[in-house]
Amino acid sequence: MKQDIINKVSSILNVDKDLVKVEYPKDRSFGDFAVPCFPFAKELHKSPMDIANLLNEQLDYDTNVVNGFLNIKMDKKAITKNLITKIIEEKDNYGTNEYGKGKNIVVEYSSPNIAKPFGMGHLRSTVIGQALYNISKKCGFNVSSINYLGDYGTQFGKLLYAYTTWGNKDLNGGSIIDELKRVYVKFHEEAEKNPELDEEGRKWFKRLEDNDEEALKYWNWFKDESLKEFQKTYDLLSINRFDELSGESVYKDKMQPVIDEMEEKNLLSISEGATIIDLGDMTPALIKRSDGASLYITRDIAALYDRKKRYNFDEILYVVGNEQSLHFEQVKRIVDKMGYDYSDQIKHIGFGMLLQGGKKMSTRHGKSVILKDVLDEAIELAKTYIKEKNPNLENIDEVSKKIGVGAVIFNDLKNYRINDIEFNLEDTLRFEGNTGPYLQYTYARICSLLNNKQNIEVSYDNIDINEDKWNLVWTLSKYEEVIISAKESNDPSLIAKYLLDLASDFNKFYAHEKIIDNDINYTEFKLKLSEAVSIVIKDGLGLLNIGVIKQM
Ligand code: ARG
């Protein structure tokens with residue numbers, strides 16, 4: 001609709017299309033769209049008022065003029081008809097667009113650390129990253145996803161020492177991840193009393209760097225076991241694959257060339273024995289420790305080079321918590337200093353923490369909360385609710401999984417990512433309110449209505465597009481625009497909020513009108529409108545990686 005207005009206005013006035021802005025009038029009674037005429041005044045040497053009047057005469061829309069704005073009223077029936085037909089025809093292609101056509105984008109997300117449980121901290125990276133991946137696809141980008149495991153660094157030296165010294169070979173059915181956690185904590189306790197242990201840790205890390213067979217054997221085993229464990233969580237979240245499963249260790253032999261290049265470009269200096277890059281007003285970046293051990297940021301630079309080469313990205317997103325902001329600022333600054341021109345393509349997609357009662361989420365014993373436990377708990381609670389609501393429902397397990405997991409994901413994504421968010425399982429799972437289950441429930445309700453569809457042609461002659469219906473159509477028509485804004489700002493919450501608006505428009509319409517009545521034509525119209533809503537809810541939730549259920 002907007003594009004049509006832009007085309008017509010620019011051709012009547014003979015001005016550039018970029019100059020034509022289509023806005024929404026402050027007062028909806030003026031019209032559905034407004035074109036401000038101030039931007040043309042200079043070029044056309046006419047007053048905005050005169051220009052608005054000219055357009056008022058020549059445009060083949062229902063228009064009026066208020067203070068240099070041209071207001072346009074749309075033909076509600078025609079628009080409603082076209083839009084409903086389009087959505088039902090296109091189904092999950094509705095909203096697909098070419099915003100990113102011909103562009104390569106890399107999304108790095110999830111990236112948990114091996115030998116540690118998959119914590120709530122990585123939940124946010126995983127769900128925000130997956131949503132941005134889906135949204136980018138919908139916008140026509142050529143998208144590649146990377147899971148960059150934390151599988152390297154001096155802490156693995158400590159872990160190797162700890163496990164070979166105190167580890168129980170017999171796990172008695174317990175998980176190796178728990179055992180590794182136990183010995184790692186013990187290492188830190190013991191090292192307080194006996195600082196020499198740090199030296200032992202360094203030695204083990206050196207062995208790992210030198211590809212010592214025993215060190216590698218343990219390390220590989222830690223990694224395999226961790227991946228098996230992570231996979232359970234990915235399965236629950238319906239994340240089937242990453243285009244690339246990589247990790248910091250991939251770059252262990254690729255750092256020296258990077259360091260050499262920095263040296264050649266005269267960027268390195270020595271500070272207290274360590275090798276650093278001075279970054280001007282920013283905290284210097286530590287490139288190599290005084291004992292020669294390599295560092296996180298050095299691996300990140302090596303990984304970035306490699307990705308630029310392999311993916312030739314136009315944009316790379318790093319979905320990592322706010323606490324690493326400085327790190328990514330440093331990465332960008334280093335890229336500039338090295339003389340490359342693509343630091344603007346590097347985007348840190350930061351996010352806040354999950355809080356409980358205003359404090360960082362932790363277990364009763366002050367430990368970090370494990371994601372899979374929370375998801376399992378959500379699924380259990382969903383099951384309790386469903387049993388109350390609909391005890392005879394088939395496939396209760398499947399349904400509870402979609403609702404429980406969807407609730408946790410939605411709670412995360414409905415908030416602007418940079419903010420810390422409060423996590424409360426009960427609130428997250430409420431069927432009324434701004435929740436995932438509320439949207440899934442709205443979808444299921446529409447599905448059961450649709451059993452009454454007769455699949456006949458609707459005649460619009462006697463149909464009145466009242467305010468409830470027009471609001472609904474209006475919101476439906478904005479789907480593509482919202483998807484593009486969500487990509488532009490890399491903010492999935494715009495989609496979550498949009499879906500809540502759509503559901504609330506639908507529920508208003510549903511509350512005010514009897515959908516199934518004696519008038520077959522009118523009933524069919526209302527059902528088709530509802531069907532269009534269900535298509536968009538399903539697709540929008542899909543962008544957030546949340547499933548829908550036909551019956552619940
Ligand atoms: N594994 C890291 C962590 O848990 C996140 C990795 C972020 N990505 C990166 N390229 N540095 O903190």
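This structure is a prediction, so every number in the text was calculated from the model and none was measured. Just so it is clear, the values below take in all heavy atoms, side chains as well, and ignore hydrogens, waters and symmetry mates. Just follow the structure's listing: the first ligand is 1, and inside any ligand the first atom is 1.
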Should [X] and [Y] count as an ion pair when the cut-off is N to O under 4.0 Å?
X	Y	answer
Glu261	Lys265	yes
Lys401	Glu398	no
Lys203	Glu200	yes

**Q.** Side-chain H-bond candidate by donor/acceptor type, Lys101 with Asn142, under 3.5 Å
**A.**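 No, Asn142 and Lys101 have no side-chain donor paired with an acceptor closer than 3.5 Å.
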Give every pair formed by an N or O atom of ligand 1 and a protein N or O atom closer than 3.5 Å, one pair per line with both atom names and the distance to 0.1 Å, or write none.
{"unit_1": "ligand 1", "atom_1": "1 (N)", "unit_2": "Ser111", "atom_2": "O", "d": "3.0"}
{"unit_1": "ligand 1", "atom_1": "1 (N)", "unit_2": "Asn113", "atom_2": "OD1", "d": "2.7"}
{"unit_1": "ligand 1", "atom_1": "4 (O)", "unit_2": "Asn113", "atom_2": "OD1", "d": "3.3"}
{"unit_1": "ligand 1", "atom_1": "4 (O)", "unit_2": "Asn113", "atom_2": "ND2", "d": "3.1"}
{"unit_1": "ligand 1", "atom_1": "4 (O)", "unit_2": "His122", "atom_2": "NE2", "d": "2.8"}
{"unit_1": "ligand 1", "atom_1": "8 (N)", "unit_2": "Glu108", "atom_2": "OE2", "d": "2.8"}
{"unit_1": "ligand 1", "atom_1": "10 (N)", "unit_2": "Glu108", "atom_2": "OE1", "d": "2.8"}
{"unit_1": "ligand 1", "atom_1": "10 (N)", "unit_2": "Asp300", "atom_2": "OD1", "d": "2.8"}
{"unit_1": "ligand 1", "atom_1": "10 (N)", "unit_2": "Asp300", "atom_2": "OD2", "d": "3.4"}
{"unit_1": "ligand 1", "atom_1": "11 (N)", "unit_2": "Tyr296", "atom_2": "OH", "d": "2.7"}
{"unit_1": "ligand 1", "atom_1": "11 (N)", "unit_2": "Asp300", "atom_2": "OD2", "d": "2.7"}
{"unit_1": "ligand 1", "atom_1": "12 (O)", "unit_2": "Gln324", "atom_2": "NE2", "d": "2.9"}

Donor-acceptor pairs are to be reported for all side-chain atoms of residues 495-502 against protein atoms at under 3.5 Å, with residues two or more places apart or in another chain.
{"unit_1": "Lys497", "atom_1": "NZ", "unit_2": "Ser493", "atom_2": "OG", "d": "3.3"}
{"unit_1": "Tyr498", "atom_1": "OH", "unit_2": "Thr475", "atom_2": "O", "d": "2.7"}

Q: Can you measure from CH2 (Trp219) to OG (Ser249) and round to the nearest 0.5 angstrom?
A: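 Going from CH2 on Trp219 over to OG on Ser249, the span is 3.5 Å.
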